[in-house]
Amino acid sequence: MRMIMLGAPGAGKGTQAVKLAEKYNIPQISTGDIFRSNIKNGTELGKKAKEYIDKGMLVPDEITIGIVKDRLQQTDCKNGFILDGFPRTIPQAEYLDDALESMGVKLDVVLNIGVDDSEIIKRMSGRRVCPKCGLSYHTIFNPPKDAVNCDVCKVQVIQREDDREETVISRLKTYHSQTEPLINYYGGKGLLLTVEGRDKIDETTKAIFKALGV
Ligand code: AP5
Ligand code: MG
Ligand code: ZN
């Protein structure tokens with residue numbers, strides 16, 4: 001299975017991608033997670049990316065494309081992958097088309113999770129993430145089992161720096177202007193599958209599995 005997860009910031013791409021990755025036994029590739037781990041480790045890439053991420057802007061295409069290019073070459077992508085948060089611009093999508101063609105593979109589906117902006121703001125303010133593995137939690141909708149630590153890593157979950165309300169608003173603007181056009185791009189290729197993401201996490205997972213026929 002080779003798939004893309006599309007959706008506004010906070011639509012639940014990461015939450016659902018983890019479940020899909022488990023189901024299909026393929027890697028979840030989140031460009032956001034890759035940037036955050038570089039920021040945490042203080043790499044050059046991390047420093048550069050942080051300038052954009054903190055403003056709610058997209059990291060420039062040439063940087064982002066280079067990362068995905070390297071990642072797709074790794075052997076664990078042989079049987080498929082879930083791209084979570086990439087592509088986010090038309091040039092990124094065009095690059096991906098070329099890359100997959102030269103790898104001799106095709107995309108199976110582009111899963112679009114639809115959620116209203118008002119719901120997004122609610123979700124982001126309660127989001128907590130594991131600084132180690134990147135799993136997303138929510139103080140009300142999906143708390144860690146002990147309310148404090150990641151269920152898997154047992155380290156304390158934290159708030160993402162770009163989840164402050166003013167940054168969320170600018171991320172939403174960026175989404176509408178630069179990423180939303182991909183819905184038509186992939187719709188035109190007959191690859192788009194839209195699932196309503198307003199329901200509870202488990203209900204949304206069920207709807208996604210049903211739509212994918214698994
Ligand atoms: P990234 O990390 O990808 O952020 P994003 O797209 O803004 O998406 P999020 O991770 O915030 O949301 P999500 O859809 O994964 O939702 P989640 O499952 O966590 O990117 C960060 C930044 O990096 C970007 O702003 C950009 O600067 C840069 N970047 C990344 N990729 C790039 C690219 N390709 N090009 C250029 N720049 C790039 O869920 C959100 C919350 O809601 C959680 O708390 C969760 O528990 C909760 N929740 C989820 N589903 C539900 C539900 N059904 N009901 C109730 N709560 C729910
Ligand atoms: Mg995410
Ligand atoms: Zn963890």
Donor-acceptor contact present, side-chain K13 to main-chain M5, <3.5 Å: no

Hydrophobic cluster identity match, I65 and I67, side-chain contacts under 4.5 Å: yes

Residue among T64, T174, D61 satisfying side chain to side chain donor-acceptor pair (under 3.5 Å) with T89: D61

E44/K48 ion pair, N-O < 4.0 Å: no

Test side chain to side chain contact (heavy atoms under 4.5 Å, CB included) applied to I29 and L72, step by step: CA-CA 9 Å; I29 302 174; L72 288 176; 4.1 Å; yes

Check ion pair E203-K206 (N to O, under 4.0 angstrom): yes

Trace of the salt bridge (Lys or Arg N to Asp or Glu O under 4.0 Å) decision for E119 with R123: CA-CA 6 Å; E119 175 73 19; R123 285 189 189 178; 3.4 Å; yes

From N142 atom CG to S136 atom OG, the distance as rounded to the nearest 0.5 Å: 8.5 Å

Shared hydrophobic cluster, F209 / L192 (ILVMFWY, side-chain heavy atoms < 4.5 Å): no

Validation row: P131, V155 side chains within 4.5 angstrom (heavy atoms): yes

Side-chain atoms of residues 104-112: list all donor-acceptor pairs with protein atoms under 3.5 Å, sequence neighbours left out, distances to 0.1 Å.
from, atom 1, to, atom 2, distance (Å)
D108, OD2, R2, N, 2.7
N112, ND2, T194, OG1, 3.3

More than 12 heavy atoms of other groups within 6.0 Å of D70 CG: yes

Spacing of CD belonging to Q178 relative to CD belonging to Q92, to within rounding of 0.5 Å: 9.0 Å

Rounded distance (nearest 0.5 Å) linking atom CE of M103 with atom CG of D98: 13.0 Å

Carboxylate-amine/guanidinium contact D162 K50, below 4.0 Å: no

Exceeds 12 heavy-atom contacts within 6.0 angstrom, atom CD of E101: no

Polar side-chain atom of R171 near backbone of G56 as donor-acceptor pair, under 3.5 Å: no

Shared hydrophobic cluster, I183 / F86 (ILVMFWY, side-chain heavy atoms < 4.5 Å): yes

CD/E196: more than 12 non-hydrogen atoms of other groups inside 6.0 Å: yes

N/O donor-acceptor pair under 3.5 Å between D146 side chain and V148 backbone: yes

I34 CD1 to I39 CD1 distance, which is reported to the nearest 0.5 Å: 12.0 Å

P87 versus L182, closest heavy-atom pair with distance: O-CD1, 3.2 Å

Worked check of side chain to side chain contact (heavy atoms under 4.5 Å, CB included) between K69 and Y95: CA-CA 9 Å; K69 197 174 184 175; Y95 156 75; 3.1 Å; yes

V129 side chain near V157 side chain, heavy-atom distance below 4.5 Å: no

Check against salt bridge (Lys or Arg N to Asp or Glu O under 4.0 Å), K19 and E22: CA-CA 5 Å; K19 295 173 195 253; E22 213 171 275; over 6 Å; no

Side-chain touch I4/I82, heavy atoms, less than 4.5 angstrom: no

D97 bridged to K189 by N-O distance under 4.0 Å: yes

Carboxylate-amine/guanidinium proximity below 4.0 Å for D202 and K200: no

Heavy-atom check, side chain of R71 versus side chain of P27, under 4.5 Å: yes

Same cluster (ILVMFWY, side-chain, under 4.5 Å), I169 and M57: no

Pairwise side-chain contact, I53 with V59, heavy-atom cut-off 4.5 Å (strictly under): yes

Side chains of F81 and M3 in contact at under 4.5 Å (non-hydrogen atoms): no

Atom pair OG/CD1 of S125 and I140 - distance to nearest 0.5 Å: 7.5 Å

Minimum heavy-atom distance A11-V115, with the two atoms named: O-CG2, 3.7 Å

More than 12 heavy atoms from other groups under 6.0 Å of CG on N79: no

Approximate separation, where rounding is to 0.5 Å, of S170 OG and R164 CZ: 9.5 Å

Worked verdict on L20 versus V214 for side chain to side chain contact (heavy atoms under 4.5 Å, CB included): CA-CA 10 Å; L20 286 160; V214 288; 5.6 Å; no

Same apolar cluster: L191 and I90, side chain cutoff 4.5 Å: yes

Minimum-distance pair of heavy atoms, taken over all atoms of R88 and T179: O-OG1, 2.8 Å

Carboxylate-amine/guanidinium contact R127 D163, below 4.0 Å: yes

Nearest non-hydrogen partners of G85 and T31, listed with the distance: O-OG1, 3.0 Å

Where Y137 and C150 come nearest, the two heavy atoms and their spacing: OH-SG, 3.3 Å

Non-hydrogen atoms of I201 and Q16 that approach each other most closely: O-NE2, 3.2 Å

From CA spacing to verdict: side chain to side chain contact (heavy atoms under 4.5 Å, CB included), N38, F35: CA-CA 5 Å; N38 275 277; F35 289 135; 5.7 Å; no

H138 side chain vs R128 backbone, donor-acceptor pair below 3.5 Å: no

Stepwise side chain to side chain donor-acceptor pair (under 3.5 Å) test for Q156 and N149: CA-CA 4 Å; Q156 192 172 344; N149 302 297; over 6 Å; no

